[in-house]
Amino acid sequence: MKKLKDEFRPGGARRQHILDKAVDYLANGPGLQNDKMHFCLNNLEMSMPEYLEALNKASNGEFVKSALGD
């Protein structure tokens with residue numbers, strides 16, 4: 001398995017690039033949501049708050065709305 005370059009790891013200069021790409025991957029990527037979550041957390045080294053924010057952006061805010069019961 002490849003390792004992320006330091007610039008893409010948490011605190012890296014290009015971290016936001018990875019987070020933005022993750023939003024597109026979560027919205028349009030192939031596979032099950034569970035597999036996507038595993039990839040983001042383990043391969044992209046996203047924290048749970050980063051993952052949840054990306055998931056919310058990918059769902060156009062529907063994730064938070066459903067979690068709040070609106």
Side-chain angles (χ1 to χ4, degrees):
M1 180 172 75
K2 286 184 147 182
K3 189 174 180 182
L4 283 178
K5 293 181 181 179
D6 287 339
E7 64 189 284
F8 295 112
R9 297 184 80 199
R14 297 192 60 202
R15 180 63 177 174
Q16 190 59 47
H17 177 76
I18 289 291
L19 299 177
D20 293 341
K21 288 286 196 180
V23 171
D24 183 57
Y25 171 66
L26 290 170
N28 304 310
L32 301 174
Q33 193 60 40
N34 188 45
D35 295 333
K36 294 177 188 183
M37 178 181 174
H38 183 269
F39 179 80
C40 288
L41 296 178
N42 296 310
N43 296 66
L44 300 181
E45 300 177 20
M46 292 173 74
S47 66
M48 186 56 75
E50 287 175 328
Y51 169 75
L52 292 174
E53 183 177 339
L55 183 59
N56 190 51
K57 287 180 182 178
S59 68
N60 293 320
E62 291 301 315
F63 178 71
V64 169
K65 287 179 186 175
S66 69
L68 295 175
D70 290 345

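Side chains included, hydrogens not; waters and symmetry mates left out as well; all remaining heavy atoms used.
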- Dump the intermediate steps for side-chain contact (heavy atoms from CB on, under 4.5 Å) on Leu55 and Tyr51, then the final yes or no. CA-CA 6 Å; Leu55 183 59; Tyr51 169 75; 3.9 Å; yes
- Task: Start with the C-alpha distance between Leu32 and Met37, add both sets of side-chain angles, then the distance that settles side-chain contact (heavy atoms from CB on, under 4.5 Å), and finish with yes or no.
- Result: CA-CA 9 Å; Leu32 301 174; Met37 178 181 174; over 6 Å; no
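- Counting all heavy atoms, side chain and backbone alike, Phe8 lies closest to Ile18 at CD2-CG1, 3.5 Å.
- Rounding to the nearest 0.5 angstrom, the gap separating the CZ atom in Arg14 from the CD atom in Glu7 is 5.5 Å.
- Of all heavy-atom pairs between Val23 and Ala58, the closest is O-CB, 3.5 Å.
- The shortest heavy-atom contact between Pro30 and Lys36 is O-CE, 3.6 Å.
- A distance of 9.5 Å separates CG of Leu44 from CD of Glu50, quoted to the nearest 0.5 Å.
- Taking all atoms of both residues into account, the shortest heavy-atom contact from Met46 to Arg15 is CA-NH2, 3.4 Å.
- No side-chain heavy atom of His17 sits under 4.5 Å from any side-chain heavy atom of Asp20.
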